Novice: 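Have a look at the structure that comes next, please.
All figures in this text were calculated on a predicted structure; none of them were measured in a lab. Note that ligands are numbered from 1 as they come in the structure, with each ligand's atoms numbered from 1 the same way.
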Amino acid sequence: MREDSFMRGLFFGVIPEELVFPFPELAKDEAENVRLMVESTRRFCEDKVDSRTIDASHQIPYEVLEEAKSLGLFGLQIPEAHGGLGLSASAYSRVMQEVASHDSAMAVTLGAHQSIGLKAILLFGTEAQKARYLPELATGAKVAAFALTEPGAGSDAAAIETRAELAADGSHFVLNGSKIWITNGGYADVFTVFARTTELGEGKKPGITAFIVERGEGLRTGTNEEKLGICGSSTTTVYFDDVKVPVENVIGEPGRGFKVAMGVLNNGRLGLAAGCVGSSKTLLRLAIERCNERRAFNRTIGEFGLIKDKIAGMLARTYALESMTYLTTGLIDADVAEYSLESAICKVFGSESLWWVVNETLQIAAGIGYMKEYPYERMLRDARINLIFEGTNEILRCFIALSGMQGPGKELAEVAKAMREPIKGFGLLADFAARKVKTVLGQERLTRVHPMLSREAVLLEDHVAHLARQVENKLRKHGRDIAERQFVQRRIADIAIDLYALAACLSRATQAIERHGTEGAWRHVEYTRVFASDARERLARNVTGLDDNDDELRKDVATRSYADHGYALDVL
Ligand code: MYA
């Protein structure tokens, strides 16, 4: 297991190229299996999944779910030994991408079951828990859900209040509380539930514990919520009234459940990103069909510059998203242990790219885009949730920035301490000084990018140096108060997001050139160049904005409006 992380390196000004070059690929035999699986999923979705009816009736027909189960779509990543297909993270994502390219409600149902519902058992469960639960979850005989969010604990996941008390005889816990907005709540049989545990034995601190909870006495689910989109998926409240959970159903260590929740979400967020790839590709197909068919001013609308600008941007963003998603699943498949920043970046970038792509596609469709008779408005409604669930993009930006700055922050604190004790701290100071010479004064160079993309490689190198410099400046300036500086966090996170996207494009495009020559890889090169030119503008704006901004004014304006209870002006 490798402990290093590409993104954490960038925050130090170091580019761990070996983690992202060469671009990862599925092993030959798995690739063949996945191709077959994707093909059968496509046929099934085309023949049986009627998104319009699912959206209008607010449910996925029973027979459709049953057929999905028989195709193995409920047990994609569960090992074959437990009755699943045993797919890798990359293969799983590719199949989820296919499902989402047809229907988001279906993708969310499958994703809630596999990306997060059963993931804690898969990642952290004991052999006995796996043997007991995975076979029925693999066939879909049982459906899973992930129950973390509560009325008072959304982004602030550690604030949950559902309680689990250990029974006097120590044989089971008694669970009380409620969870809201639980996907698959209506029909799940097995829930991964996070609850606050009090005394867990001598010397143990109270904390959060993860449990496997089966539907049964004391567990009740509410009616399906009426939602803006993904209407065919089930979203309910789940109530626990004195639910008895055997001690064997604790996942991981008691009191360490927050880490379990985060581990599941780090992994699960990639399924969402893959879903966004699938939906974006469908939208691009629809948009380009429209460009070729719709005529105005004696031309197809695709001939107009403003439409071409949109299409080029959509292709480039989708390429970047696809590249970063499969780069990250490749890291997981290569047993890299730490990918929390990378997966949060894929979630944020994926959901925002899709939101932009769906909006632009609807705009290209214009009048018909707004009509219920066509798929655009449904796809727009369906896409909106991705910016909210599995961690809002706001909290994930804070996470990306603060978690990325943690390493440099710790190092600066240690360096400060070493300066006070120069003899003891000599080794640390020497290492720090050596890296400074190599990075901030010198600058890390990429050695593996194809020369055709050297301009884009320099963009990445320059901005890695900017990122590291800015991180150090802001940490020196704000110290611990950096946790309160969300404007700074947002810009740091946005720089990090663009840098990861760029690195993923460069790695994939380089591999394509090496394999197929410049002729064969032209799309890779062009999409990378378009993406880089958009990223260049954003990066410059974010770097400049870190020192030159009106953040304080904006905060004051917002604060005063709270006293006004809204917009206080009128022309009357
Ligand atoms: S499920 C619900 C989703 N909810 C969330 O995502 C909650 C968001 N909140 C958080 O993630 C946390 O509360 C944050 C931290 C990040 C804000 N990996 O003091 P701390 C460690 C590893 O910073 P807090 C849903 O929506 C940290 O290092 N470790 O924590 C389903 C520290 O460790 P240590 C992490 O300020 C929808 C400790 O934790 C991570 O309280 C259905 C405490 O840290 C991490 N990430 O909060 C979806 N974060 O003590 C279906 C923190 O050792 C999807 N730590 O230093 C299907 C999609 C498919 C289709 C799509 C269609 C297009």
Novice: Does an N or O from S340, backbone or side chain, lie closer than 3.5 Å to an N or O of ligand 1?
Specialist: no
Novice: Counting only heavy atoms closer than 4.0 Å, does ligand 1 sit against the backbone of W181, its side chain, both, or neither?
Specialist: neither
Novice: Decide if the gap between the ring center of Y319 and the ring center of F531 is smaller than 6.0 angstrom.
Specialist: no
Novice: Which heavy atom of the protein is the closest neighbour of atom 47 (O) of ligand 1, given with residue, atom name and distance?
Specialist: F258 CZ, 3.9 Å
Novice: What's the shortest distance from atom 37 (C) of ligand 1 to any protein heavy atom, and which residue and atom give it?
Specialist: F389 CD2, 3.4 Å
Novice: Against heavy atoms of F146, which atoms of ligand 1 measure under 4.0 Å?
Specialist: 1 (S)
Novice: What part of S279 sits under 4.0 Å from ligand 1 if we count only heavy atoms: the side chain, the backbone, both or neither?
Specialist: side chain
Novice: Can you tell if the side chain of V143 reaches within under 4.5 Å of the side chain of F74, non-hydrogen atoms only?
Specialist: yes
Novice: Atoms of ligand 1 less than 4.0 Å from G391 heavy atoms?
Specialist: 3 (C), 4 (N), 5 (C), 6 (O)
Novice: Do K119 and Y92 meet the cation-pi criteria used here (NZ or CZ under 6.0 Å from the six-membered ring centre, within 45° of the axis)?
Specialist: yes
Novice: Counting only heavy atoms, which portion of F399 has something under 4.0 Å from ligand 1: side chain, backbone, both, or neither?
Specialist: side chain
Novice: Hey, does Y374 have a side-chain heavy atom less than 4.5 Å from the side chain of L286?
Specialist: no
Novice: Considering the heavy atoms of I395, write down every atom of ligand 1 situated less than 4.0 Å from one of them.
Specialist: 17 (C)
Novice: I'd like to know whether E352 forms a side chain to side chain contact (heavy atoms under 4.5 Å, CB included) with L387, so could you lay out the CA-CA distance, the side-chain angles of the two residues, the decisive distance to 0.1 Å, and finally the verdict.
Specialist: CA-CA 7 Å; E352 290 176 7; L387 294 100; 3.7 Å; yes
Novice: A side-chain contact here means heavy atoms from C-beta on lying under 4.5 Å apart; do Q77 and S115 qualify?
Specialist: no
Novice: Under a 4.0 angstrom heavy-atom cut-off, which atoms of ligand 1 come close to G275?
Specialist: 63 (C)
Novice: Mind checking whether T149 contacts ligand 1 via backbone (N, CA, C, O), side chain (CB onward), both or neither, at a 4.0 Å heavy-atom cut-off?
Specialist: side chain
Novice: Heavy atom to atom 28 (O) of ligand 1, shortest distance: which of K259, E338, R256 holds it?
Specialist: K259
Novice: Find out whether the Lys NZ or Arg CZ of R215 is both under 6.0 angstrom from the six-membered ring centre of Y187 and within 45° of the ring's axis.
Specialist: no
Novice: Hey, does Q406 come in under 3.5 Å of ligand 1, counting only N/O atoms on both sides?
Specialist: no
Novice: Indicate, as side chain, backbone, both or neither, the part of T392 found under 4.0 angstrom from ligand 1 when only non-hydrogen atoms are considered.
Specialist: neither
Novice: Can you tell me how far the CG atom of L284 sits from the CD atom of E360, to the nearest 0.5 Å?
Specialist: 11.0 Å
Novice: Can a side-chain donor-acceptor contact be found between E30 and S88 if the only test is distance below 3.5 angstrom?
Specialist: yes
Novice: Between N386, N393, L270, which is the residue that forms a side-chain contact (heavy atoms from CB on, under 4.5 Å) with K347?
Specialist: N393
Novice: Output yes when a side-chain donor or acceptor of Q129 lies under 3.5 Å from a complementary backbone atom of T126, and no otherwise.
Specialist: yes
Novice: For atom 22 (C) of ligand 1, which protein heavy atom lies nearest, and how many Å away is it?
Specialist: N266 ND2, 3.6 Å
Novice: Judging by distance only, is a nitrogen or oxygen of E390 under 3.5 angstrom from one on ligand 1?
Specialist: yes
Novice: Tell me which part of E394 gets within contact of ligand 1: side chain, backbone, both or neither, using heavy atoms under 4.0 Å.
Specialist: neither
Novice: Mind running side-chain hydrogen bond (donor to acceptor under 3.5 Å, both in side chains) on N266 and S340 for me, showing each step along the way?
Specialist: CA-CA 5 Å; N266 291 340; S340 59; 4.6 Å; no
Novice: Among protein heavy atoms, which sits nearest to atom 55 (N) of ligand 1, and what does the distance come to when rounded to 0.1 Å?
Specialist: M262 CG, 4.1 Å
Novice: Is the F194-F146 ring centre distance short of 6.0 angstrom?
Specialist: yes
Novice: Quick one: CD on E377 to CE on M379, what's the gap to the nearest 0.5 Å?
Specialist: 11.0 Å
Novice: When you look for heavy atoms under 4.0 Å from ligand 1, do you find them on the side chain of A383, its backbone, both, or neither?
Specialist: neither
Novice: Considering only heavy atoms of G154, which atoms of ligand 1 have at least one such atom less than 4.0 Å away?
Specialist: 7 (C)
Novice: For atom 9 (N) of ligand 1, what is the closest protein heavy atom, and at what distance to 0.1 Å?
Specialist: S155 O, 2.8 Å
Novice: Which is it for L402 and ligand 1 at heavy atoms under 4.0 Å: side chain, backbone, both or neither?
Specialist: neither
Novice: Tell me the protein heavy atom at minimum distance from atom 58 (C) of ligand 1, and give that distance in Å.
Specialist: L272 CA, 3.8 Å
Novice: Among all protein non-hydrogen atoms, which one is nearest to atom 61 (C) of ligand 1, and what is the separation to 0.1 Å?
Specialist: N386 OD1, 3.7 Å
Novice: Taking distance alone, with N or O pairs closer than 3.5 Å, would you say R269 contacts ligand 1?
Specialist: yes
Novice: Within a strict 4.5 Å, meaning less than it, do heavy atoms of the Y326 and Q97 side chains meet?
Specialist: yes
Novice: Considering heavy atoms of the protein only, find what lies nearest to atom 31 (C) of ligand 1 and give residue, atom and distance to 0.1 Å.
Specialist: I116 CD1, 3.4 Å
